Amino acid sequence: MRLIEIFYSLQGEGPAMGRPATFVRLAGCNLSCQGCDTDDKPCMELSLPDVLESIQGRRVVITGGEPTMQMDQLTELISLLRGQGKEIHIETNGTNPIPETILEKIHCAVVSPKRGSHFHLAFWAGKENVHLKFVLGKAPWCWTSGLLEELVPALAKDRVWIMAYGAEQNMQGAREAWDLAMLLGVNYSDRLHIRLKKR
Ligand code: SF4
């Protein structure tokens, strides 16, 4: 499969924030968000056994890019990881629904819809193991307070996260994301790896 990197770290954002995991960052995406931190990185081709060999610990976060762009190999990887008893997390932009039989093998899917994309909200919002993470900011693909005030009340509040856009250490916008999360009664996500300059 095509990958950008595999590394062991702590999850810096979302529902598993602070938890150790091996991150498998797959290459390729069907969107082109301004400021994307992965679209210009060189990629490599690795076999599934080589990917499995590189994984440390029991928790695996499959991220991207957009993992569902390699659905066949993704499906195989998830089945193999599940067979090894791993706790599988996936991060997706939500534009490609993941088949139920695959999704049920995943401990936690974090769907981060981009404004203006077709992200199948009704499909994702009905799944117990799916968390929706909205990035608040000024970039064209980010969400505004007004849009989230309309969208979020219909969703399961304990599975909604609001996070500020930004790759700067001072995380401008974090305060606004915090205040909006408070207003809507949902979760706030920081970006600890950005604040601490870790990956
Ligand atoms: S969906 Fe994610 S990986 Fe794809 S272009 Fe947007 S920020 Fe980058």
Side-chain angles (χ1 to χ4, degrees), residues 1-7 9 11-17 21-46 51 60-75 77-78 88-98 102-103 106 108-125 127 130-144 147-148 151 155 159-169 171-174 176-177 188-195 197-199:
M1 54 194 330
R2 284 189 309 119
L3 294 97
I4 293 172
E5 57 187 348
I6 301 180
F7 60 97
S9 187
Q11 174 61 280
E13 62 190 46
M17 192 166 53
T22 296
F23 291 77
V24 178
R25 184 181 300 286
L26 302 186
C29 188
N30 53 347
L31 300 181
S32 50
C33 306
Q34 173 193 312
C36 173
D37 58 0
T38 54
D39 64 352
D40 58 349
K41 299 228 170 100
C43 62
M44 57 187 166
E45 189 79 33
L46 277 188
V51 173
V60 181
V61 178
I62 304 171
T63 185
E66 173 48 44
T68 61
M69 297 294 288
Q70 303 179 66
M71 192 66 95
D72 289 349
Q73 285 159 303
L74 176 67
T75 298
L77 176 63
I78 288 170
I88 306 165
H89 296 230
I90 192 166
E91 298 178 339
T92 170
N93 62 27
T95 51
N96 297 321
I98 296 175
I102 306 304
L103 199 54
I106 293 172
C108 176
V110 177
V111 178
S112 182
K114 310 306 181 214
R115 177 156 65 101
S117 70
H118 188 54
F119 57 88
H120 307 278
L121 181 63
F123 172 81
W124 296 114
K127 308 280 184 288
V130 171
H131 290 249
L132 292 160
K133 186 177 70 187
F134 296 96
V135 180
L136 184 70
K138 298 193 182 351
W141 56 272
C142 287
W143 295 85
T144 64
L147 286 169
L148 291 179
L151 190 66
L155 304 173
R159 291 189 280 111
V160 173
W161 299 75
I162 295 179
M163 186 177 85
Y165 172 69
E168 306 300 327
Q169 227 178 333
M171 287 284 297
Q172 288 179 2
E176 188 189 347
Y188 164 79
S189 173
D190 212 282
R191 301 192 81 196
L192 297 179
H193 52 303
I194 300 294
R195 284 196 195 275
K197 287 195 167 172
K198 303 286 186 185
R199 68 172 187 174

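Just so you know, these numbers come straight off a predicted model, no measurement behind them. Just so you know, ligand 1 is whichever comes first in the structure, and atom 1 is the first atom listed for that ligand.
The atoms of ligand 1 that sit less than 4.0 Å from any heavy atom of L31 are 5 (S). If you number the atoms of ligand 1 from 1 as listed, the ones under 4.0 Å from a heavy atom of G65 come out as 3 (S). Close contacts between ligand 1 and N93 involve ligand atoms 1 (S) [criterion: under 4.0 Å to a heavy atom]. Residue C29 has at least one heavy-atom neighbour below 4.0 Å for each of these atoms of ligand 1: 1 (S), 3 (S), 4 (Fe), 5 (S).
The proximity of C33 to ligand 1, defined as any non-hydrogen pair under 4.0 Å, involves the side chain as well as the backbone. Contacts with ligand 1 closer than 4.0 Å are made by side-chain heavy atoms of T38 only, the backbone lying farther away.
Evaluated for a ring-ring contact (aromatic ring centres under 6.0 Å, His included) with W141, the options Y165, F119, F134 yield exactly one hit, Y165.
Shown here are the ring pair (Phe, Tyr, Trp, His ring centres under 6.0 Å) partners of H120, two or more places apart in sequence or in another chain: H118. Scanning for side-chain hydrogen bond (donor to acceptor under 3.5 Å, both in side chains) contacts around W143 gives an empty result, with sequence neighbours left out.
Electrostatic pairing of E13 and R191 counts as a salt bridge here, judged by a charged N lying under 4.0 Å from a carboxylate O.
Here C36 reaches atom 8 (Fe) of ligand 1: one of its N/O/S atoms is less than 2.8 Å from the metal.
K197 places no side-chain N or O within 3.5 Å of a backbone atom of H193 that could act as its donor or acceptor partner.
Not a single heavy atom of E66 sits less than 4.0 Å from an atom of ligand 1.
We find the NZ-CD distance between K114 and E66 to be 9.0 Å, quoted to the nearest 0.5 Å.
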